[in-house]
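Scroll down for the structure; my scribbles are underneath it.
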Protein chains: 2
Amino acid sequence: MDIQLKRGLLDVCVLAAIKNEDSYGYKIIKDLKPYIELSESTLYTILKRLETAKMLTVRSAEHEGRLRKYYRVTQAGLKRIEEFKTEWKEVISVYQFVIKEDLHE
Amino acid sequence: MDIQLKRGLLDVCVLAAIKNEDSYGYKIIKDLKPYIELSESTLYTILKRLETAKMLTVRSAEHEGRLRKYYRVTQAGLKRIEEFKTEWKEVISVYQFVIKEDLHE
DNA sequence: CCGTATACTTCGTGATACGATGTATAGCGT
DNA sequence: ACGCTATACATCGTATCACGAAGTATACGG
């Protein structure tokens with residue numbers, strides 16, 4: 001997918017990936033893969049950003065010798081998803097404009 | 001609209017605004033206003049970019065003492081719009097993922 | 001013991017939307 | 001005559017952000 005199109009979707013995708021069950025970086029990438037691909041550097045940047053924005057909380061846990069940082073969505077994170085749904089109406093209106101064919105064609 | 005969401009839409013919006021009839025900067029902004037807002041600095045950057053990418057051609061014309069630069073969409077520009085339509089299927093799939101509610105909720 | 005998967009981190013770069021600022025003309029009201 | 005608004009295009013600097021590259025470290029199968 002075009003990198004510019006992704007920009008508006010990635011944050012919300014990550015929130016959605018964690019929404020129903022706490023998750024961690026590596027798993028998020030795998031879960032999102034069928035829908036949208038993102039690299040590790042991209043994801044960890046996003047996680048940091050969402051954490052700073054208090055849309056996520058983190059807890060570290062050891063899992064089979066490896067560190068895992070589990071992320072949980074906060075109320076602010078859920079709110080962000082709801083706002084996205086609202087904004088989507090505008091997006092659809094823009095899309096309709098773009099695909100609108102002139103009657104003369 | 002969120003600036004990140006706009007990123008994937010603006011280029012195609014500008015192309016769509018010109019598609020059926022040659023247009024110029026100031027008019028494009030007004031025509032797009034009901035759907036998506038963009039500043040002059042943003043638009044002229046986009047027009048330059050699309051011109052460089054050969055998706056637009058320009059011709060200057062004088063109109064009541066003022067300069068106007070009329071833009072016309074090229075075949076490459078039309079192709080870009082078609083590609084956008086194709087990409088949109090992916091976007092919709094991502095959107096469905098984001099709004100999907102867990103059954104337990 | 002070597003390759004692959006797991007797991008997180010940091011750095012630098014390129015793309016790009018925007019505000020601020022500037023230039024210039026036309027037209028309208030007072 | 002003067003000021004204000006609309007029209008019209010241009011440039012500069014800044015902040016945001018996705019990504020590739022590179023690094024660190026452990027577990028496990030062959």
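Lettering follows sequence order; numbering is per chain, from 1.
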Indicate yes or no: does B/K6 engage B/D2 in a salt bridge with an N to O separation below 4.0 Å.
no
Is the phosphate of [N], meaning OP1 or OP2, less than 4.0 Å from a side-chain N or O of [X]?
X: B/R7; N: D/dA18; answer: no
X: A/T42; N: D/dC19; answer: yes
X: B/K48; N: D/dC9; answer: no
X: A/Q4; N: D/dA18; answer: no

So, A/Y70 versus A/R68: side-chain donor-acceptor pair below 3.5 Å or not?
yes
Looking just at side-chain N and O atoms, do A/T42 and A/T45 make a donor-acceptor pair shorter than 3.5 Å?
no
Linking I/L/V/M/F/W/Y whenever any side-chain heavy atoms sit under 4.5 Å apart, do A/I3 and B/W88 land together?
no
Please state how far atom [atom1] in [X] lies from atom [atom2] in [N], giving the value in whole angstrom units.
X: B/Y24; N: D/dT7; atom1: OH; atom2: C1'; result: 8 Å
X: B/K69; N: D/dC9; atom1: NZ; atom2: P; result: 8 Å
X: B/R59; N: D/dC9; atom1: CZ; atom2: P; result: 12 Å

CZ of B/R59: more than 12 outside heavy atoms within 6.0 angstrom?
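Yes - once you tally the heavy atoms of other residues, nucleotides and ligands closer than 6.0 Å, there are more than 12.
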Every protein N/O within reach of nucleotides 27-29 of chain D N/O, cut-off under 3.5 Å:
residue : atom : partner : partner atom : Å
D/dA27  : O4'  : A/R66   : NH1          : 3.0

Could you tell me from which nucleotide to which nucleotide of DNA chain C, 5' to 3', there is an atom under 4.0 Å from chain B heavy atoms?
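Counting from the 5' end, contacts occupy C/dT16 to C/dA26.
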